[in-house]
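A quick write-up on the structure given underneath.
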Amino acid sequence: MTEDVNLLILQRKDKLKELYDKGINPFPHKFKGKCKSVDINEEFKSLNNGEEVDKKVSFAGRMISRRVMGKVSFSHLKDGWGKVQIYVGKNDIGEENYLFYKKMDIGDFVGVEGKVFKTRTGEISIHVEKMILLSKSLRILPEKWHGLKDTEIRYRQRYVDLIMNDKVKEIFIIRSRIIKIIRQFLDKKEFLEVETPMMQSIVGGAAAQPFITHHNALSMDLFLRVAPELYLKRLIVGGIERVYELNKNFRNEGISTRHNPEFTMLEIYQSYSDYNEMMEICEEMIVGISKEIFGKLEIEYKGNKIDLTPPWKRKGFFELLQENTGIDFSEKTDIADKSQIMQIADKLKVKYDTNTKSHKILDHIFDTFVVPKLVQPVFITDYPKCLSPLAKSKENNPEIVERFELFIGNFELANAYSELNDPVEQRKRMTEQMKAKQKGDQEAQMLDEDYIRALEYGMPPCGGLGIGIDRLVMLLTGSNSIREVILFPQMKKE
RNA sequence: GCGCCAUUAGCUCAAUUGGCAGAGUACUUGACUCUUAAUCAAGGUGUUGAAGGUUCGAUUCCUUCAUGGCGCACCA
């Protein structure tokens with residue numbers, strides 16, 4: 001990035017020099033006794049118009065507006081919670097200080113001290129007695145009433161976005177609250193929060209391409225994790241009965257309105273439970289979040305009214321396929337039989353690559369015919385085994401696994417299963433994955449010998465659940481793009 | 001990776017059929033003692049994303065590239 005040479009910036013740099021020449025420090029070290037804007041606006045809200053109290057307050061913030069009317073002026077100072085109007089009178093602070101105030105720029109940080117009053121028009125304001133420049137701003141803020149709209153600048157310079165668009169901060173406040181509520185919820189249920197490696201020598205836990213990095217001293221390549229799953233289940237083996245991790249995963253895949261290369265995932269594992277119990281936990285948690293944050297269970301997303309009132313519907317994967325395609329997907333359909341699946345895809349006019357594996361074509365049919373209808377919360381259960389190498393098969397049908405995905409507002413929000421704890425079966429499935437990988441399937445998982453060794457020591461029956469936190473925040477904040485809920489989304493170099 | 005669209009002043013946006021690049025805001029100066037998109041008066045503001053081409057003349061048409069948005073693909 002090159003240095004911006006703009007007339008307005010040069011003008012401010014001149015002002016900065018002028019300040020130094022006058023012996024004024026444009027970047028003082030601190031400001032004592034600052035109140036919060038919300039506290040000021042709350043404490044004095046019962047004042048009558050025109051009434052002034054005898055109590056002085058200190059306040060500081062970024063000057064975001066100025067209205068000069070001769071010998072008196074008004075400005076708004078914005079702090080971390082809101083804004084407060086200040087009233088600056090030439091007769092109150094003296095001619096020299098008043099001139100200094102008029103020479104300050106929109107964007108400068110300012111500290112003030114004075115009594116609080118309410119203007120004739122009813123706005124709580126500080127009647128300034130003392131004023132100090134706390135930090136000089138050298139760049140011009142975007143326009144005050146159209147604000148900043150350019151998405152590129154909004155994401156690249158999120159600091160400007162935050163200054164100009166109050167709604168952006170609201171999203172990240174909600175995001176923080178959601179995460180806090182989740183931790184409280186799980187802590188109350190005696191889940192232990194842990195941190196497992198983000199740098200792994202074997203990729204596992206999800207079908208995804210990893211980022212590769214290199215450790216110099218060990219002279220070995222490492223992968224950024226695509227999921228913490230296999231480590232968390234090692235902890236289940238180790239006797240940590242209930243465990244969760246809420247942190248980032250990294251996947252080397254395309255970027256879209258629903259995908260960012262690094263994203264936040266919650267994974268929960270509970271011993272002696274299964275995917276049915278995970279549905280209950282998942283439902284209880286999301287319902288609880290909505291109640292606590294919005295006080296209700298009806299939300300709106302992309303123009304759709306969504307009702308989160310439990311219990312949420314549960315429907316089988318094949319049941320939904322059948323309902324929405326009219327094709328009989330009963331047990332006689334062999335999903336491993338590619339020609340059969342291809343025939344169905346042709347009939348439904350679903351395009352596919354002939355190199356694509358049969359279960360991927362099936363997944364594609366599901367995405368095309370079923371997902372667009374999944375607005376209200378629904379747990380989709382009982383997936384084909386080939387899609388889920390870490391999930392346990394159903395007792396009565398080895399080709400179907402105990403797994404669910406939660407869909408709300410047309411996208412997948414959560415994924416869970418009864419964890420496969422049979423080390424012999426797990427080795428078999430991982431070996432199959434390895435074979436697929438050797439054949440060129442870049443997303444196939446690796447054979448993790450240590451993980452199987454752990455299972456050989458014995459893992460109790462266990463339910464596991466993963467929730468995409470970014471997507472949950474999208475849903476609950478009405479955001480159309482994942483970039484709206486990630487402070488610094490991935491961008492190409494400027 | 002593919003397709004469509006966008007890129008003009010710090011910001012938000014105009015510019016007729018290819019004919020002098022324009023407004024608001026911000027900024028500077030002046031007037032103004034309760035404004036809040038303050039108001040009024042005056043003033044400067046540009047590599048039209050980059051490079052090339054067509055043309056007497058390109059913001060406008062063509063090609064390539066860059067970045068972004070959306071969709072698809074990849075992917076949960």
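Reckoned from all heavy atoms, side chains included, excluding hydrogens, waters and symmetry mates.
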Measure from the side-chain heavy atoms of [X] and tell me the nearest of [options].
{"X": "A:D367", "options": "B:C75, B:G69, B:U35", "answer": "B:C75"}
{"X": "A:R483", "options": "B:U25, B:U67, B:C70", "answer": "B:C70"}
{"X": "A:K149", "options": "B:U35, B:C13, B:G69", "answer": "B:C13"}
{"X": "A:Q85", "options": "B:U35, B:C70, B:U33", "answer": "B:U35"}
{"X": "A:Y155", "options": "B:C34, B:G69, B:U36", "answer": "B:G69"}

Whole-angstrom distance between [N] and [M], as gauged at atom [atom1]:
{"N": "B:A50", "M": "B:U60", "atom1": "P", "answer": "11 Å"}
{"N": "B:A14", "M": "B:G57", "atom1": "P", "answer": "29 Å"}
{"N": "B:A9", "M": "B:A23", "atom1": "P", "answer": "14 Å"}
{"N": "B:C2", "M": "B:C65", "atom1": "P", "answer": "9 Å"}

**For atom CD of A:Q157 and atom C1' of B:G68, their distance in whole Å** = 14 Å
**Prompt:** For the pair made of OH in A:Y87 and P in B:U33, what is the distance, rounded to whole Å?
**Reply:**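 Distance check: A:Y87 OH to B:U33 P gives 10 Å.
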**Lys NZ or Arg CZ of A:R471 over A:F263 ring: under 6.0 Å, within 45°** =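 No, A:R471 does not lie over the aromatic ring of A:F263.
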**Item:** Side-chain heavy atoms of A:L321 within contact of A:F369, under 4.5 Å
**Value:**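 With C-beta onward as the side chain, the pair stays apart.
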**Message:** At under 4.0 Å between heavy atoms, how does the protein contact nucleotides 38-49 of chain B? Give one character per nucleotide, 5' to 3', with B, S or -.
**Reply:** B-----------
**Request:** Mind listing the residues from residues 109-123 of chain A sitting with a heavy atom below 4.0 Å of RNA chain B? Number order is fine.
**Result:**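 When residues 109-123 of chain A is checked for heavy atoms under 4.0 Å from RNA chain B, the hits, listed by number, are A:F117, A:T119, A:R120, A:T121, A:E123.
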**Message:** Using a strict heavy-atom distance below 4.0 Å, which residues from residues 251-262 of chain A are in contact with RNA chain B?
**Reply:** A:R251, A:E253, A:G254, A:T257, A:H259
**Message:** On the side chain of A:D150, is there an atom forming a donor-acceptor pair with the base of B:U7 - under 3.5 Å, no angle test?
**Reply:** no
**Identity of whatever pairs with B:U48 - Watson-Crick or G-U, under 3.5 angstrom** = none
Counting any heavy atom closer than 4.0 Å, what does [X] reach on the DNA or RNA strands: base, sugar-phosphate only, or nothing?
{"X": "A:I106", "value": "sugar-phosphate"}
{"X": "A:G468", "value": "nothing"}
{"X": "A:M491", "value": "sugar-phosphate"}
{"X": "A:K103", "value": "nothing"}
{"X": "A:K493", "value": "sugar-phosphate"}

**Request:** With RNA chain B as reference, determine whether A:V72 or A:R12 sits nearer its 5' end, using the nearest nucleotide of each.
**Result:**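 Per heavy-atom nearest nucleotide, the more 5' residue is A:R12.
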**Message:** Less than 4.0 angstrom between a side-chain N/O of A:H364 and OP1 or OP2 of B:A73, yes or no?
**Reply:** yes
